[in-house]
Amino acid sequence: MSIISLEHITGSAAPIGEVDADMKNIAVKYEDGRWRVRIKEGRKWGSWHTKAGEWHNGADARAGGKAMLAKYREANPEPVVLRILDPKLDPKKSFRAVYQKKMEEYWKRQGTRNESPHKSAAKHLMAALGAHAEVEPKSMKPKWFAPVRERLLERLSGKTPGMYAQRLREVLGTLVPLGLDPLSIGELDRMPSGKSSDTAGFPFSMANIKVMMKLEPNQSDTTRMLLWGGASGGPQAVDLAFLPFAGFNDATGVCRWKRTKVNETIEFAALPPLQDLIKKRQAELGEGAVYVFPELIFLDEEIGLPKTNTVFWKRPPENIAKRAAQNVNTVVTEFLTLCGIKAEGYTNKSWRIHDISLWSALGVKDKTRLRMAGHKTLDQHRVYEVPSEIELVRVKDIMWQYYGAIREGRDFFIPSTPYDIYEAIMKRWDQFPEVMQRLVHEELTSSSAKLELFIQAAFESQQLMIQAGHAEILATVRAESADLKRDNELLREQVAAVLANQASQTVLLKQIAAANGVEAEMEPAFA
């Protein structure tokens, strides 16, 4: 691997790697009247060493540790690193500088509360890139990012590598318009997920929901709204607590507001019970109330104050957000305990997992699902996506048809391509009417007479609608014809009056002309 000298960057001729950082690799402690020292051998700490009488104080122990470290390095030399000078490089336009700037812009845009994961991930990124971080983003090569993935997997454990890789991808995506090859980000895709369905919890099953639906009507309005809020869209506990009345459309039931931790939009249509409960709460709190759940946001002594719940927070204070989330979890936990389904893994987030998994099984398009959950990327969204209970039951039904057919000695057709389906239908096309009749018969659990009556009734209702429409049109036409007839009669009367007036004027003109001995020239009257 080649690196670049710091001389053209800082003006200092100090070479890379000569900074005294030995004490980061040496540990010293005083225990049982003795000084003990150990050194980091490669990437692991070695055993503790003790030399009574030689190390009288900490300084001697540290000096002894440095001697041990130097001896270890002599026996295990570092790989030779070539030094290359490139005066064309501009540190202000380097990948390192641009990444830092874009990362800070990302924090500000997203309203990130905890910046530590991004910072820690960036340290691993720069350490793995080494001197390559000093070139411009457009000059970066995808293969240089492979060591980043290896470093994260080697030095971190659990779900942290996947979480750090996700933070890196978020910022690296903003460098693509500056020329960074998207394949570089792809090197970080092959990582374990930052979370899993197990860490997120378990989705509610149909049996759980049946119990909740049975006990729900007798609960407080707060509990009922939290339940139906989870069932409608499954928002996070803290996000649901800050649902504003301004974000609720009482005509359509659509709820639309911003998440508290990130600046993403949640938008879903409230189910009818939630829609009715929000309207009821709005009438109780009156005009000027901002939040639907003031009892979850404010302290008990604040509820009765005049100005409580009259101010909207674009970003709620962190202490209030934490309190609201805890209050939501307390209410939900009490209700789940009442239902007998409170166990580790079942929380308010179980609605989120249940809903997202159900949306996936129903084929809801990705953009709609992301908006309803308040997620920006599918990576974040699919943390909550698990095989839906409906899908599992459906697979069970198909599998039983397969094994049941084998058990009874029947053939069972499993199409593997569209051609198989086409071929199967064409081979049985002459039997299609009979098959349809049998299906209709089984569906209606009776003879086809029910279907005939249904069709007859449908056509009769359709005929009545057509007749009613014709009658309405005919009545309109007749009314318009009567109005037109009256207008024509009025027009004839007006024309007759004009003709009579003109005739009288003609006679008068002739009399005047005769009296003056002049023959009058008259305009012919119009018919």
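Phe242 places a side-chain heavy atom less than 4.5 Å from the side chain of Ile320. Here the side chains of Tyr99 and Leu168 are in contact, with some heavy-atom distance below 4.5 Å. Contact of the Thr368 side chain with the Lys365 side chain is registered, since non-hydrogen atoms from C-beta on lie closer than 4.5 Å. Contact of the Arg281 side chain with the Pro294 side chain is registered, since non-hydrogen atoms from C-beta on lie closer than 4.5 Å. You'll find the side chain of Leu240 stays beyond 4.5 Å of the side chain of Trp351, heavy atoms only. Between Gln236 and Val328 the shortest side-chain heavy-atom distance does not fall below 4.5 Å. By the 4.5 Å heavy-atom criterion applied to side chains, Tyr384 and Arg382 are not counted as neighbours.
Counting only N and O atoms by type, the side chains of Ser205 and Asn208 include a donor and acceptor under 3.5 Å apart. At a cut-off of 3.5 Å, with distance as the only test, no side-chain donor of Ser94 or Glu136 sits close to an acceptor on the other residue. Trp359 and Glu385 form no side-chain donor-acceptor contact under 3.5 Å, judged by distance and modelled atom types alone. Residues Ser357 and Ser360 have side chains that never bring a donor and an acceptor to within less than 3.5 angstrom of each other. No side-chain N or O of Glu389 forms a donor-acceptor pair with one of His354 less than 3.5 Å apart.
A donor-acceptor pair under 3.5 Å links the side-chain atoms of Asn249 to the main chain of Thr252, judged by distance alone. Thr310 places a side-chain N or O within donor-acceptor distance of the main-chain N or O of Lys307, the cut-off being under 3.5 Å. Trp257 places no side-chain N or O within donor-acceptor distance of the main-chain N or O of Phe245, the cut-off being under 3.5 Å. Judged by distance alone, the side chain of Glu302 and the main-chain N or O of Thr308 form no donor-acceptor pair under 3.5 Å. Of the possible donor and acceptor atoms, one in the side chain of Thr174 sits under 3.5 Å from a partner among the backbone N and O of Val171. Proximity of a side-chain donor or acceptor of Thr337 to a complementary backbone N or O of Thr333 within less than 3.5 Å is detected. A donor-acceptor pair under 3.5 Å links the side-chain atoms of Arg352 to the main chain of Gly234, judged by distance alone. Put simply, the side chain of Ser120 never gets that close to the backbone of Pro117: no donor and acceptor are under 3.5 Å apart.
The neighbour count for Arg407 CZ, taken as heavy atoms of other residues, nucleotides or ligands under 6.0 Å away, does not exceed 12.
With rounding to the nearest 0.5 Å, the separation of CG in Leu336 from CG in Asn329 is 10.0 Å. Asp181 contributes atom CG, which lies 14.0 Å from atom NZ of Lys138 (distance to the nearest 0.5 angstrom). Separation of atoms CZ (Arg323) and CZ (Phe298) is listed at 8.5 Å; rounding is to 0.5 Å. For the atom pair CZ (Phe95) and CG (Leu125), the distance works out to 5.0 Å, reported to the nearest 0.5 Å. The structure places CZ of Arg167 at 14.5 Å from NZ of Lys119, a figure rounded to the nearest 0.5 Å. Summarising the geometry, atom CG belonging to Leu299 is positioned 9.0 Å from atom CG belonging to Asn327; distances are rounded to the nearest 0.5 Å.
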Item to check | Worked check of side-chain hydrogen bond (donor to acceptor under 3.5 Å, both in side chains) between Gln275 and Trp228 | outcome: CA-CA 9 Å; Gln275 191 173 356; Trp228 287 112; over 6 Å; no
Next on the checklist: Please evaluate residues Tyr106 and His118 with respect to the criterion ring pair (Phe, Tyr, Trp, His ring centres under 6.0 Å), reporting the C-alpha separation (whole Å), side-chain torsions for both, the decisive distance (0.1 Å), and the verdict.
Outcome noted: CA-CA 10 Å; Tyr106 182 84; His118 280 95; 5.4 Å; yes
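Ring pair Trp144/His132 is parallel by interplanar angle, where below 30° counts as parallel and above 60° as perpendicular. Between Tyr291 and Trp313, the two ring planes are parallel [angle under 30°; tilted spans 30° to 60°].
The two residues Ala325 and Ala237 have their closest heavy-atom pair at O-CB, 4.4 Å. The two residues Val290 and Val311 come nearest to each other via the heavy atoms CG2-N, 3.7 Å. Heavy atoms only, all atoms of each residue included: Asp355 and Ala231 are closest at OD2-O, 3.5 Å. Of all non-hydrogen atoms in Thr222 and Phe293, the two that sit nearest each other are O-CE2, 4.1 Å.
By the 4.0 Å N-to-carboxylate-O rule, Asp221 lies close enough to Lys280 to be salt-bridged with it. Between Asp276 and Lys279 there is no salt bridge, since none of the side-chain N atoms of the basic residue sits less than 4.0 Å from a carboxylate O of the acidic one. Taking 4.0 Å as the cut-off between side-chain N and carboxylate O, Glu264 and Arg259 do not count as a salt-bridged pair. Ion pairing between Glu105 and Lys102 holds under the 4.0 Å rule for side-chain N and carboxylate O. Using a 4.0 Å cut-off between charged nitrogen and carboxylate oxygen, Lys93 and Glu134 do not count as a salt-bridge pair.
The salt bridge (charged side-chain N to carboxylate O under 4.0 Å, His left out) with Glu267 is formed by just one residue from the set Lys258, Lys367, Arg256; it is Arg256.
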